[in-house]
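Here's the structure we're looking at; comments come further down.
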Amino acid sequence: MVKRLGWILILLLAMTTLSVYAQSSQVIGDVYRRDGKPAINYTVSLAGKYAFTDVRGRFRIPDVPFGQYKVQVSKDKRVLVSMPITVNQVNTRVPRIRLPR
């Protein structure tokens, strides 16, 4: 019985450790043009993943592992904005991005 309890505790510890390493986040945010209007159909990328902004300038990139990244906003293969972010919670909101042009 004691031996079985020991194995159960080891298994629970291993599962807890793995879940810490497997944490990921949904990264969300808004992109606006210089004139304050939503930036529609721009590409937002980080961690090898990407999304397009919608008609409100919003984007959502799911399943981003916790860590530090550079968010890039581009249009027609030109990077317009690049900024560092830290993904460390389940829903990470990027500060409002305003395009330079």
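Scope of the values below: all heavy atoms of this structure, side chains included, with no hydrogens, waters or symmetry mates. The residues of the chain are indexed from 1 along the displayed sequence.
Considering CG of L99 and NZ of K37, their distance stands at 14.0 Å, rounded to 0.5 Å. Atom CD1 of I28 sits about 11.0 Å away from atom CD1 of I61, to the nearest 0.5 Å. With values rounded to the nearest 0.5 angstrom, R58 atom CZ is found 6.5 Å from Y32 atom OH. Between T53 atom OG1 and F59 atom CZ the span is 9.0 Å, to the nearest 0.5 Å. Atoms CD1 and CZ, from I40 and R33 in turn, are 7.0 Å apart once rounded to the nearest 0.5 Å. Atoms CE and CG, on M83 and L46 in that order, are 11.0 Å from each other to the nearest 0.5 Å.
Of all heavy-atom pairs spanning P38 and V55, the tightest one is CB-O, 3.7 Å. In this structure, V64 and Y69 approach most closely via the heavy-atom pair CG1-CE1, 3.7 Å.
In this structure, S25 contributes its side chain and Q89 its backbone to a donor-acceptor pair below 3.5 Å. A donor-acceptor pair is defined here as one N or O able to donate and one able to accept, closer than 3.5 Å; no such pair exists between the side chain of K70 and the backbone of S45.
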For this session: Run the numbers on I85 and V27 for side-chain contact (heavy atoms from CB on, under 4.5 Å), then give the verdict.
Result: CA-CA 10 Å; I85 67 159; V27 177; 4.2 Å; yes

For this session: Apply side-chain contact (heavy atoms from CB on, under 4.5 Å) to R60 and N91, showing your working.
Result: CA-CA 10 Å; R60 182 180 75 84; N91 288 309; over 6 Å; no

Problem set entry | F52/T43 under side-chain contact (heavy atoms from CB on, under 4.5 Å): CA gap, chis, key distance, verdict | CA-CA 5 Å; F52 294 101; T43 304; 3.2 Å; yes

For this session: Under the side-chain contact (heavy atoms from CB on, under 4.5 Å) rule, what do N41 and K75 come out as? Steps first, then yes or no, please.
Result: CA-CA 8 Å; N41 206 28; K75 182 76 168 182; 4.0 Å; yes

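Taking 4.5 Å as the limit, every side-chain heavy atom of V87 sits out of range of all side-chain heavy atoms of Q23.
When the shell of 6.0 Å around CZ of R56 is examined, it contains 12 or fewer heavy atoms from other residues, nucleotides or ligands.
With respect to R78 and D76, no salt bridge is recorded, no charged nitrogen being found less than 4.0 Å from a carboxylate O.
Checked options V44, V79, L80; the residue passing with Q72 is V79 (criterion: side-chain contact (heavy atoms from CB on, under 4.5 Å)).
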